[in-house]
Amino acid sequence: MQSLSWRHIEIFRAVMTTPNLTEAAIVLNTSQPTISRELARLEHLLQFKLFDRIKGRLKPTAQGLRFFEEVERSYYGLDRIKNSAQTIRHFDNAQISIICLPAFAQSLLPQICQLFMKDYPEVNLTVIPQESPVLEEWLSAQRYDVGLTEHLQTPAGTEQITLGSLNEVCVLPKGHPLEKKPILSPIDFQNQRFISLSLTDNYRQMIDTIFSQHRINRKMVMETHSASSICAMALKGIGISIVNPITAQDFHNQSNGKLVIRPLSFSIPFTVSLIKPIHRPSSQLSEIFIQYLQQSFKRIEHNLTSALLHQ
């Protein structure tokens, strides 16, 4: 025995919402006899009368009207499903959470997020700045969609992708004697007032090791935990320092060149790593954002290199 099909419902609804069978046939791209035949089959399947045939015209019965009310509710539900599918497809009201070091939240992500949100204005971004070691704990706990670190290590439960590597740079206030030198070597830091990162910071340890190897004595005038703080202090003439080039360039631009940047003759690599959680459901939107990260970082890398050559 034939069962009720969606085609039967389409035909019934077309007849109810058009002036006559001819119009219904045009809407459904079929013939009038086919519609008449399928309506008769539908009434047989339902075992009640949908229409009275009066002088060649169809008039809905009371049961037919009740049935139409239910069909309309189903179509309303189907429209909602279609609208939901469109919303999901276009990422409307979608969310991405990004956890990263404060330096990246201040000096790297703003320009990347600006480009991304221009193309996906309905997406909501949550940026969570977090210092180590809490950052690594959150990365392992999968509490994010995309993570950014300055390490090559891969936290448990994650996948690490290197976005790129740049060299650390020296920052100093405009008018400082070392501004005249295009590249600074270890000897240039002898007896200079120096602002350091905290003792537990990996970059602090690398910097101290290099100056120790060259027997360079600096005047350690201040210690602070972030590159942004160092740049702000250097801008006020408190001392000079060595920081990552992304934060340095950001402060240079904001200060209209009052914070000067100089490359170093020795290498202290600054690596930016993308961290992806492997235990969260896959997300097409997150993958799109990652593509923006990778493409934008290449441009940032190129612009930083060019800027250092012309400063």
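Residue numbers count from 1 along this sequence. All values below were derived from every heavy atom in this structure, side-chain atoms included, with hydrogens, water molecules and symmetry-related copies excluded.
Evaluation of the salt bridge (Lys or Arg N to Asp or Glu O under 4.0 Å) test over residues 232-242, restricted to residues two or more places apart or in two chains, returns none. Within the structure, ring pair (Phe, Tyr, Trp, His ring centres under 6.0 Å) pairs that include any residue of residues 13-34 do not occur (at least two apart or interchain).
At least one cation-pi condition fails for Arg13 and Phe68: the charged atom is not both under 6.0 angstrom from the six-membered ring centre and inside a 45 degree cone around its axis.
Rounded to the nearest 0.5 angstrom, Lys258 NZ and His252 NE2 are separated by 12.5 Å. A distance of 5.0 Å separates CZ in Phe266 from CD1 in Ile268, rounded to the nearest 0.5 Å. In this structure, CG on Leu166 lies 8.5 Å from CG on Asn244, to the nearest 0.5 angstrom. The line from CG of Leu108 to CG of Leu101 is 10.5 Å long, rounded to the nearest 0.5 Å. Separating the NE2 atom in His225 from the OG atom in Ser132 is a distance of 11.5 Å, to the nearest 0.5 Å. Taking CD of Glu69 as the reference point, atom OG of Ser74 lies at 12.0 Å (rounded to 0.5 Å).
Glu168 places no side-chain N or O within donor-acceptor distance of the main-chain N or O of Ser267, the cut-off being under 3.5 Å. Not a single donor-acceptor pair under 3.5 Å links the side chain of Gln63 to the backbone N or O of Phe48.
In this structure, Arg57 places its CZ atom where only 12 or fewer heavy-atom neighbours from other residues, nucleotides or ligands lie under 6.0 Å away. Environment of CZ in Arg66: sparse, with no more than 12 heavy atoms of neighbouring residues, nucleotides or ligands closer than 6.0 Å. The number of heavy-atom neighbours closer than 6.0 Å to CZ of Arg215, taken from other residues, nucleotides and ligands shown, is 12 or below.
A side-chain N or O of Thr271 and one of Ser165 form a donor-acceptor pair less than 3.5 Å apart. At a cut-off of 3.5 Å, with distance as the only test, a side-chain donor of Gln160 or Thr162 sits close to an acceptor on the other residue. Side-chain contact, Thr61 with Asp52: no donor N or O sits under 3.5 Å from an acceptor N or O. With 3.5 Å as the limit, one finds a donor-acceptor pair spanning the side chains of Ser31 and Thr34. Looking at Asp119 and Tyr292, their side chains do bring a donor and an acceptor atom within 3.5 Å of each other.
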Passes ring-ring contact (aromatic ring centres under 6.0 Å, His included), Phe67 versus Phe12? Steps please.
-> CA-CA 10 Å; Phe67 186 64; Phe12 171 70; 5.1 Å; yes
Name every donor-acceptor pair, under 3.5 Å, that has one atom in a side chain of residues 169-184 and the other anywhere in the protein, sequence neighbours excluded.
unit_1 : atom_1 : unit_2 : atom_2 : d
Lys174 : NZ     : Glu179 : OE2    : 3.4
His176 : ND1    : Leu178 : N      : 3.1
His176 : NE2    : Gln192 : OE1    : 3.3
Glu179 : OE1    : Gly175 : N      : 2.7
Lys181 : NZ     : Asp188 : OD1    : 2.7
Lys181 : NZ     : Asp188 : OD2    : 3.1

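When all heavy atoms of Glu43 and Leu50 are compared, the closest pair comes out as OE2-N, 2.8 Å. Closest approach of Pro102 and Pro129 over heavy atoms only: CA-CB, 3.9 Å. In plain terms, the two heavy atoms of Leu163 and Gln294 that are nearest each other are CD2-CG, 3.6 Å. The minimum heavy-atom distance between Asp250 and Gln106, with the atom names listed, is OD2-O, 3.6 Å. Smallest separation of non-hydrogen atoms from Thr158 and Gln142: CG2-NE2, 4.3 Å.
Under the side-chain hydrogen bond (donor to acceptor under 3.5 Å, both in side chains) test applied with Thr224, the options Ser241, Ser229, Ser196 reduce to a single match, Ser229. Of the residues Asp145, Asn124, Val127, the one that meets the side chain to side chain contact (heavy atoms under 4.5 Å, CB included) test with Ser97 is Asp145. With Arg204 as the fixed residue, the side-chain hydrogen bond (donor to acceptor under 3.5 Å, both in side chains) test singles out one of Asp201, Asp208, Asn202: Asp208.
By the 4.0 Å N-to-carboxylate-O rule, Glu301 lies too far from Lys298 to be salt-bridged with it.
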